Structure formats: C-alpha cells, structure tokens
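What follows is a single structure, and I will ask about it in a moment.
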Number of protein chains: 2
Amino acid sequence: MTVQSKRAPRGDLFDVRCPTRDLLDRVGGKWTAMLVKLLDEAGERRFSELSRGAAGISRKMLASTLRDLERDGLVSRRVQPTTPPSVYYELTPLGRSLSEPLATLRNWAESNMRAVDDARIEFDRRS
Amino acid sequence: MTVQSKRAPRGDLFDVRCPTRDLLDRVGGKWTAMLVKLLDEAGERRFSELSRGAAGISRKMLASTLRDLERDGLVSRRVQPTTPPSVYYELTPLGRSLSEPLATLRNWAESNMRAVDDARIEFDRRS
DNA sequence: CGGCATCCTGAGAGATACTG
DNA sequence: CAGTATCTCTCAGGATGCCG
C-alpha cells in the first residue's frame, strides 16, 4: 500500500481534516499529476504504453501510482483476457474533472516558475 | 535548508524539468498551501499570529515553511525593529497570483474529495 | 505482460531545547 | 518574540528480482 495514512499522531485541529491537504497528499506524488495529464490527453492506454510515454518512471512506481489512482476512483482499469493479458487504464469522469484544476496549476507553473527560480537564486546569493 | 534539490541522479527525459513537478514539490509541503491561503485571506501577519492561526503547526515548521516561501519570492518578510522584534509576513504579488490556482484546487477538493474517499473505501472493501 | 515482494536510502517533519 | 540547532522517525520512492 502507498499513500495511505501519512501521519496522524497528535490531535491537530486544522491540519489533517483539510480536503486540500488530502488532495495534495495524493496528487503531490512524484508521478501522479503527470499521469493524469498523460491519460487525459492520450485517452485509454495500456500499461506498457504508459511506461514508454512517461519517461523516467519505473514499472514499480507506474503500477503503484496507477493503483492509487484507481483506488481513489480517478482511473479505471480494464483487463483484456489475452495471453499474456493486456491491461488498459483510463481516466474516470472524476479523474477527468480533476485534470481541469491541474491544468490551471500547470498554466501558473509554466508562466511563473521562472520567476520563482530567479527569486530563489537571488535569495541564495544574499545568504 | 529545506526543499532544495530533491532528486536528480539519473538522466530522465520528462520528469525533473517539468515546471508542474517543481511547483508541486514546493506547494505540496504539508503546510504551504494552508499558509498561502491564510496570508491571502488575512493579509500581512506577524509570526506569532500565524502560529496561532495555523493550528497544529510547530514553530519550527512555520519558520521553515515561511522561509521557503520567502526564498521562492512568494512571501515578503518585514522586520519591525522593536524590542523584542516583530516580524511581519505578507504575500507578494507573485504569491497572490498563486493563490488563485490553489483556490481552484481547493474548490475541486471540497466538491470531490468525498467521492474520492468513498471510492477508496469501496476499493479497500473489495480487496 | 503486468504486476507484487523485498530491501535500502534520503528527505520531510515532529519534539525538544537553546538564543539574541 | 522569533527564530535556530539537534535528534529521531516515518515514509515516498528507487533498484532489483520473482511470478502467473
């Protein structure tokens, strides 16, 4: 199991129950947002296609991330009973609806991350 | 230093350079999004006010998160030379512009995280 | 082909104590 | 008041290998 109960020792008042926090715990994974985008653009794809399309991801992390997405109802999994089996993944309507706010975030990132990087360089230079 | 060079061992093609990934590495921190929201709503605030307003966060994590935000140019820090000193934090224009996509994400979360949780329960029940 | 199971490392984050 | 220093623990995530 992955991304399940991150932390929850002490009795916080605000933190743990915030839905945004929960969402970021899921979507903040290293490959999650990228996979949602990929599936949104490419539609239904097999495991091996995703593995090739998402350069850099290991098969383990791909399987793990897809499983988490399926668990959260964002991705549907369809097994074609061939030999060897073919497994297809696709965004659910819920998953597709998530790709919109993610796109908003992506647009901001593409427009402003340069400024963020510059600020960081400047900040580090002073220190 | 926090959140600096996360990973970069192998020569990936897609991953590391993606601005969205970079953004999520920053905003995906446990307290970051919440602090941006708090500062967006409340305007300029002192350290201790934020500490009280953001229930659950330790002084260490508050200082660390604020420092990262300042480093990224999203928050400005102003020291009032009183004794003892007062330090005020405020979103920069860049930080305020980020609060919009974050609000979009928050809206999605508030509307849909229930469905995600249900999907998760259902998935776990089957397993 | 499409996964789990296992091991290992490093970063995020909490607790606590100290300082100008 | 507003932090910094240190120590510790958990967990995401990479590497590798086995299985139906």
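Naming: A, B, ... by sequence-line order, numbering from 1 per chain. The structure displayed is predicted, hence computed values, not measured ones.
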Students often get this wrong, so: under 4.0 angstrom with heavy atoms, is Ser48(A) touching a base, only sugar-phosphate, or nothing?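 Counting heavy atoms under 4.0 Å across all strands, the contact made by Ser48(A) is with sugar-phosphate only.
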Five-pair end axes of the helix from dC1(C)-dG20(D) to dG20(C)-dC1(D), angle between them (10°): 40°
Transitive ILVMFWY side-chain link Leu39(A) to Val79(A), under 4.5 Å: yes
Can you tell me the distance, in whole Å, between the CE atom of Met61(A) and the C1' atom of dG2(C)? 16 Å
Check ion pair Asp118(A)-Arg125(A) (N to O, under 4.0 angstrom):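 No, Asp118(A) and Arg125(A) are not salt-bridged.
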Starting from C1' on dT16(C), measure out to CG on Leu62(B) and report it in whole angstrom.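 So the two atoms are 17 Å apart, to the nearest Å.
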Please figure out whether Ser86(B) or Ser58(A) has its closest DNA chain D nucleotide nearer the 5' end.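 The 5'-side residue here is Ser86(B).
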Write down the distance between CD1 (Ile57(B)) and P (dA2(D)), rounded to a whole number of angstrom.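 Roughly 14 Å, once rounded to whole Å.
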Over how many whole Å does the gap from Gln80(B) atom CD to dA2(D) atom P extend? 11 Å
Between the main-chain N or O of Arg59(A) and the side-chain N or O of Ser51(A), is there a donor-acceptor pair closer than 3.5 Å?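 Checking the backbone N and O of Arg59(A) against the side chain of Ser51(A), no donor-acceptor pair under 3.5 Å is found.
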Quick one: is Arg77(A) getting a side-chain N or O under 4.0 Å of the dG3(C) phosphate, OP1 or OP2?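 Looking at the OP1 and OP2 atoms of dG3(C), one of them is under 4.0 Å from a side-chain N or O of Arg77(A).
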Under 3.5 Å, is there an N or O donor on one side and an acceptor on the other linking the side chain of Lys30(A) and the base of dG13(D)? no
Using atom CG of Leu24(A) as one end and atom C1' of dA12(D) as the other, report the distance to the nearest whole Å. 16 Å
Could you state the atom-to-atom distance from CG of Asp68(B) to C1' of dT4(D) in whole Å? 15 Å
Under 3.5 Å donor-acceptor, Ser86(A) side chain and Arg46(A) backbone: no
Would you mind classifying the nucleic acid contact of Ser51(A) as base, sugar-phosphate or nothing, using non-hydrogen atoms under 4.0 angstrom?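 Nothing, no heavy atom under 4.0 Å.
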Separation of dA2(D) P from Tyr89(B) OH (nearest whole Å):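 The answer, rounded to whole Å, is 8 Å.
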Would you check if the side chain of Ser97(B) reaches a backbone N or O of Leu94(B) as a donor-acceptor pair within less than 3.5 Å?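 Checking the backbone N and O of Leu94(B) against the side chain of Ser97(B), a donor-acceptor pair under 3.5 Å is found.
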Mapping Arg59(B) and Arg52(A) onto DNA chain C by nearest heavy atom, which one lands closer to the 5' end? Arg52(A)
If you check the Phe47(A) side chain, which of dT6(C), dA5(D), dG2(C) turns out closest? dG2(C)
So, does Thr65(A) use its side chain to make a donor-acceptor pair with the main chain of Met61(A) at under 3.5 Å? yes
Atom-pair distance (CZ on Arg26(A); P on dG13(D)), nearest Å: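 Rounded to the whole Å, the gap is 14 Å.
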Heavy-atom closest contact (Leu62(A) atom, Phe47(A) atom, distance): CD2-O, 3.6 Å
Quick one: is Arg46(B) getting a side-chain N or O under 4.0 Å of the dC1(D) phosphate, OP1 or OP2?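 So the side-chain polar atoms of Arg46(B) never come under 4.0 Å of the phosphate oxygens OP1 or OP2 of dC1(D).
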Should Arg21(A) and Asp25(A) count as an ion pair when the cut-off is N to O under 4.0 Å?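 Yes, charged N to carboxylate O under 4.0 Å.
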From the set dA2(D), dG2(C), dC1(C), return the single nucleotide nearest to any side-chain atom of Pro84(A).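 Minimum distance to the Pro84(A) side chain belongs to dC1(C).
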Any donor-acceptor pair under 3.5 Å joining the side chain of Lys60(B) to the base of dG3(D)?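 Counting by modelled atom types and ignoring angles, no donor-acceptor contact under 3.5 Å is found here.
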Would you please confirm or rule out a distance under 4.0 Å between OP1 or OP2 of dC1(D) and any side-chain N or O of Tyr88(B)?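 Looking at the OP1 and OP2 atoms of dC1(D), neither is under 4.0 Å from any side-chain N or O of Tyr88(B).
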